[in-house]
Amino acid sequence: MTIETTSLNFNELGLSEPIQRAIADAGYTTPTPIQAKAIPQVLSGGDLLAGAQTGTGKTAGFTLPILHLLSQKPLSEVAKGHPRCLMLTPTRELAAQIEESVKTYGKYLPLTSTVIFGGVNANPQIARLKKPLDILVATPGRLLDHANQKNVDLSGVEILVLDEADRMLDMGFIRDIKKILAMLPKQRQNLLFSATFSDEIKALADGLLHNPGFVEVARRNTASELVEQTVHMVAQSHKRDLMSYLIKHHDWKQVLVFTRTKHGANRLAEKLIKDDIQAAAIHGNKSQGARTKALAQFKDGSMRVLVATDIAARGLDIDQLPQVVNFELPNVPEDYVHRIGRTGRAGSSGAAVSLVDREELKLLKDIEKLIKREIPKVHVEGFTPNANPEPEAPRAPRQPHGRPRKQQGKPQGQPQNAPSKILSEAARHQAMPQSALFTPPSPNRHQPNRQNVNRQNANNGNASRGNTNSTHRSGGRGR
DNA sequence: AAAAAAG
């Protein structure tokens with residue numbers, strides 16, 4: 001299990017019977033650590049500061065007790081058109097996902113919810129906001145829009161959730177959030193979830209929370225042993241060919257590929273489609289319709305490859321995703337952890353492969369420093385740049401068995417017959433030109449003594465890359 | 001330096 005559970009049972013947490021029934025329907029019996037810690041805190045009615053990454057089960061950690069609290073007061077006593085709970089989250093997809101969770105766990109309760117975000121027609125949202133509403137999940141921009149136009153009245157909010165607060169600050173939402181906060185009643189319960197605690201998060205928490213309870217669970221990067229991580233050294237110009245090769249060679253049934261740029265995501269998706277691999281790109285320049293469609297198809301398994309920017313790095317919960325690829329390494333080492341956290345979720349194992357150009361070696365070092373381990377560099381058998389329009393047929397014919405969704409054994413990425421040559425970065429990179437990295441290893445290239453070279457100098461001179469420029473977009477979106 | 005989010 002990647003998501004740790006506890007020895008507790010959900011029926012010991014004081015949640016009402018309809019909620020327990022919905023939890024059981026969803027197949028859960030045991031809360032994760034963040035749920036076990038956060039649920040009693042939220043039920044107590046106090047403010048909460050929670051340190052939790054995505055993938056720890058934190059969404060249910062606040063959704064479940066909030067449903068309980070709201071359902072204690074009958075809807076008939078509550079004014080219509082006044083959401084009683086507001087959940088703010090950085091991306092549209094995350095907002096949609098959280099609202100789905102609200103609906104899932106609230107299905108036996110007479111509570112109503114909706115989700116509000118930009119990129120789509122506002123009129124259906126306006127119509128929905130006129131009807132009774134208990135829980136409103138939103139991204140800040142569109143919500144503020146509606147609030148300014150008096151489409152929604154936030155004066156009845158009893159519970160506020162700021163999810164992924166650090167990310168919202170990174171994305172320059174602080175001004176919007178402050179404006180929204182000013183519309184809320186003073187008397188309310190506040191829950192703040194953040195993966196990291198920068199000074200800015202602390203400042204936000206200080207102004208927002210009153211005598212908060214504090215819960216924290218281990219960062220997932222130290223716990224993600226079940227995600228098998230490897231690196232392929234490859235020139236940037238050969239990455240797209242290698243990507244097609246890997247997908248076909250390993251017969252990956254489903255893979256989420258991260259690129260550094262939106263343009264890069266488009267180009268890779270086009271290349272894969274050209275190579276008869278079903279693929280779609282998702283990023284912030286796509287229409288919301290295209291984004292929603294691509295994600296839905298990927299989630300239901302009808303889309304083989306989803307090529308994404310870091311829009312999909314955090315929080316997206318894709319059931320039983322076996323394989324993640326970093327087509328380029330992320331600029332911020334923490335994002336690597338978030339990206340590979342899309343696999344190995346909910347009790348399944350996963351594999352994460354990173355395609356690394358020598359230009360990215362510093363990023364790789366930063367990542368290895370963060371996760372406190374060296375990621376093995378694995379040779380790709382049988383791939384030669386510019387010489388692999390089609391991969392060789394796999395030795396054993398593939399059975400047309402469907403997608404093995406529940407896979408217990410080794411992740412798909414590493415079939416037993418793939419010889420894994422683990423060479424140290426020094427051995428590979430200084431000994432041969434990049435163009436030679438994919439030719440099958442000849443005997444004199446074997447350097448078994450170097451296989452486990454532990455690079456002591458992993459952090460010489462590169463202090464952690466603070467995301468120094470990301471937060472102060474003081475101009476905001478000029479309004 | 002890129003991406004996300006209002007249009």
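Sequence lines set the chain letters: A, B, ... in the order given, protein chains first and strands last, and positions in each chain run from 1.
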query: Among A:Arg240, A:Met243, A:Lys239, whose side chain to side chain contact (heavy atoms under 4.5 Å, CB included) with A:Lys271 holds?
result: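 With A:Lys271 as partner, A:Arg240, A:Met243, A:Lys239 yield a single side chain to side chain contact (heavy atoms under 4.5 Å, CB included), made by A:Arg240.
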message: Taking side chain to side chain contact (heavy atoms under 4.5 Å, CB included) as the criterion, tell me which of A:Val380, A:Leu329, A:Val231, A:Leu246 meets it with A:Leu355.
response: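 The passing option is A:Leu246.
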message: Nearest heavy atom decides the nucleotide; on that basis, is A:Gln288 or A:Arg260 closer to the 5' end of DNA chain B?
response: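 Checking each residue's closest nucleotide, the 5'-ward one belongs to A:Arg260.
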Length of the [atom1]-[atom2] vector between [X] and [N], whole Å:
X        : N     : atom1 : atom2 : value
A:Arg167 : B:dA5 : CZ    : P     : 9 Å
A:Glu360 : B:dA2 : CD    : C1'   : 14 Å
A:Phe173 : B:dA4 : CZ    : C1'   : 6 Å
A:Asp170 : B:dA1 : CG    : C1'   : 14 Å
A:His263 : B:dA3 : NE2   : C1'   : 16 Å
A:Ile311 : B:dA4 : CD1   : P     : 5 Å

query: For A:Arg314, which contact category applies under a 4.0 Å heavy-atom criterion: base, sugar-phosphate, or nothing?
result: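 No contact.
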task: With sequence neighbours left out, write down each residue that passes salt bridge (Lys or Arg N to Asp or Glu O under 4.0 Å) with A:Arg304, or none if nothing qualifies.
output: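 Checked A:Arg304 against salt bridge (Lys or Arg N to Asp or Glu O under 4.0 Å); matches are A:Asp251.
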task: Under the ring-ring contact (aromatic ring centres under 6.0 Å, His included) rule, collect the residues that match up with A:Phe193, sequence neighbours excluded.
output: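 Only A:Phe62 meet the ring-ring contact (aromatic ring centres under 6.0 Å, His included) criterion with A:Phe193.
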message: Among B:dA4, B:dA5, B:dA2, which nucleotide has an atom closest to any side-chain atom of A:Arg291?
response: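 Looking only at side-chain atoms, A:Arg291 lies closest to B:dA5.
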